[in-house]
Amino acid sequence: MLYAVLIISILTMFYEFRQLKEKHHVREMVVSSILFTAGAILIVLNIVHAELPSPLAGIRMIFQPVSQYIASILS
């Protein structure tokens with residue numbers, strides 16, 4: 001299963017990059033490669049049952065100080 005996901009991901013990436021390269025969309029290629037690589041890594045980690053943190057933990061880490069600051073201003 002892991003190899004199938006990797007092969008399909010690589011084939012899809014080459015197909016998308018060929019279209020973007022023909023149109024000379026360099027910025028889109030960079031952003032697409034970053035997002036595609038991140039997605040492929042997360043899929044592989046999910047397949048091998050790696051412990052992935054919840055996105056909610058990152059959101060809390062960012063917004064908790066902001067929330068505390070706003071609460072201190074308003075109280």
Side-chain angles (χ1 to χ4, degrees):
M1 181 71 175
L2 177 65
Y3 293 119
V5 169
L6 289 175
I7 290 171
I8 291 171
S9 297
I10 290 170
L11 290 174
T12 305
M13 186 172 65
F14 284 137
Y15 177 75
E16 290 292 326
F17 284 154
R18 189 177 69 222
Q19 290 180 347
L20 291 173
K21 189 175 181 181
E22 288 174 359
K23 297 177 184 177
H24 302 290
H25 295 294
V26 177
R27 283 180 274 171
E28 286 84 356
M29 286 176 61
V30 171
V31 171
S32 176
S33 66
I34 291 170
L35 292 175
F36 199 82
T37 303
I41 289 171
L42 288 174
I43 289 171
V44 168
L45 289 175
N46 195 11
I47 289 173
V48 297
H49 302 291
E51 187 68 31
L52 297 174
S54 170
L56 186 58
I59 293 171
R60 282 186 184 155
M61 186 176 66
I62 292 171
F63 287 108
Q64 188 172 11
V66 174
S67 174
Q68 290 173 350
Y69 176 71
I70 292 173
S72 69
I73 290 174
L74 295 177
S75 61

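Hydrogens, waters and symmetry mates play no part in the numbers below; they use all other heavy atoms, side chains included.
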Spacing of [X] atom [atom1] and [Y] atom [atom2] [to the nearest 0.5 Å]:
X	Y	atom1	atom2	value
Ile70	Phe63	CD1	CZ	10.0 Å
Leu6	Met1	CG	CE	11.0 Å
Met13	Ser32	CE	OG	9.0 Å
Tyr69	Leu74	OH	CG	10.0 Å
Arg18	Lys21	CZ	NZ	11.5 Å

| Is there a side-chain contact between Leu42 and Asn46, using heavy atoms and a 4.5 Å cut-off? | no
| request: Indicate if Ile59 and Ile62 have the same hydrophobic cluster label, given that clusters are the connected sets of ILVMFWY residues with side-chain heavy-atom separations under 4.5 angstrom. | output: yes
| Shared ILVMFWY cluster between Leu52 and Ile41, side chains joined below 4.5 angstrom? | yes
Heavy-atom closest contact ([X] atom, [Y] atom, distance):
X	Y	answer
Met29	Phe17	O-CE2, 3.6 Å
Thr12	Ile8	OG1-O, 2.7 Å
Thr37	Ser33	OG1-O, 2.7 Å

